[in-house]
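First comes the structure, then the notes that go with it.
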Amino acid sequence: MVTKDLLGKLLVRRLGKKIISGKIVEVEAYIGPKDRASHAFGNKKTKRNEAEYLIGGHIYIYLVYGMHWQFNIVTGKEGSPECVLIRALEPAVANRHECSTRLDSPVKARRANDTNKKFVKIRDKLVKISELTNGPGKLCKWLGLNKSFNAEDLAESQRIWLEDGAKIKKEQIIASKRIGIDYAGKYWANKKWRFYIKDNKFVSKL
DNA sequence: GTACAGATTGAG
DNA sequence: TCAATCTGTACT
């Protein structure tokens, strides 16, 4: 399954001259027309979700709750609306002591061995690095993603792309229920299509 | 046209 | 616990 293969890969973003990246540590699969929780349930196609029908490797990004972006990677064939929601990243800043964001100039994180004690400054607020990308809305904010990235091809883009990272062992991958889709009914809501890396501090929820 | 719910987050 | 506030859908 493509979904699990994304775990451990590096999502790389170019912001001007700066390049920031994060390891994908949490994903959710949405498998198209049959999936009641998918935006493309019943082959539904609207202006919002039409990027989902592109060939795998494109980006599908949309807004929820009027304020948060959700970053998805399309995984299906053309016309086959399947995608993977990226729920959490482990930012490279966690290992490097440095960070840059579109929201603020680069700031050095406080040196500390424990990730939970490292901070970066965003809009004059200190944010725990471990709180930076542990949620689908948060990671989009950190990477400065918005509607303009919709339908962008990850293989062609000069501002965002994927790189291979450390391979994640099967034993390290946990499967669980997807989040926030109770409206889809028990059958679909209970599908274990959320995958995350065991013991990773950046996963949004246990 | 109006009403409403949602793949969330952060403040109080 | 709740407000923020965009988008598509299902109504009138």
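Quick note on labels: first sequence line is chain A, next is B, and so on, each numbered from 1.
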Could you tell me whether a side-chain N or O of [X] sits under 3.5 Å from a main-chain N or O of [Y], the two making a donor and an acceptor?
X	Y	value
A/N150	A/I61	yes
A/S21	A/V12	no
A/R13	A/L143	yes
A/E26	A/S204	yes
A/R159	A/L15	no
A/N134	A/V203	no

Nearest-angstrom distance from the residue atom [atom1] of [X] to [atom2] of [N]:
X	N	atom1	atom2	answer
A/E52	C/dG8	CD	C1'	14 Å
A/E131	B/dT8	CD	C1'	14 Å
A/N146	B/dT8	CG	P	19 Å
A/H68	B/dG10	NE2	C1'	8 Å

Do A/L154 and A/I59 have side chains that approach each other closer than 4.5 Å (heavy atoms only, starting at C-beta)? yes
Side chain proximity check, A/N146 to A/W69, heavy atoms < 4.5 angstrom: yes
Only Watson-Crick and G-U wobble pairs, only distances under 3.5 Å, only runs of 3 or more: what stems does that leave for DNA chain B? B:1-6 with C:6-11, B:8-11 with C:1-4
Only pairs under 3.5 Å count here: list side-chain donor-acceptor contacts from residues 50-58 of chain A, not counting sequence neighbours, and write none if there are none.
residue : atom : partner : partner atom : Å
A/Y53   : OH   : A/N43   : O            : 3.0
A/Y53   : OH   : A/K44   : N            : 3.4
A/Y53   : OH   : A/K44   : O            : 2.6
A/H58   : ND1  : A/I55   : O            : 2.9

Using the test side-chain contact (heavy atoms from CB on, under 4.5 Å), find all partners of A/I168 that sit at least two apart in sequence or belong to another chain. A/L7, A/Q172, A/I173, A/I197
Side-chain ion pair, A/D35 and A/R178, N-O less than 4.0 Å: yes
Does a salt bridge link A/E163 with A/K9, judged by any charged N lying under 4.0 Å from a carboxylate O? no
Which nucleotide in the list B/dT9, C/dG8, C/dT9 gets nearest to the side chain of A/K44? C/dT9
Among residues 70-87 of chain A, which residues get a heavy atom nearer than 4.0 Å to DNA chain C? none
I'd like a list of close polar pairs between nucleotides 5-7 of chain C and the protein, N/O only, cut-off under 3.5 Å.
residue : atom : partner : partner atom : Å
C/dC6   : O4'  : A/G66   : O            : 3.4
C/dT7   : OP1  : A/K147  : NZ           : 3.3

Check the orientation of A/H39 and A/Y60. Use parallel for under 30°, tilted for 30 to 60°, and perpendicular for over 60°. perpendicular
Residues of residues 24-33 of chain A with a heavy atom under 4.0 Å from any atom of DNA chain B, listed by number, are A/Y30
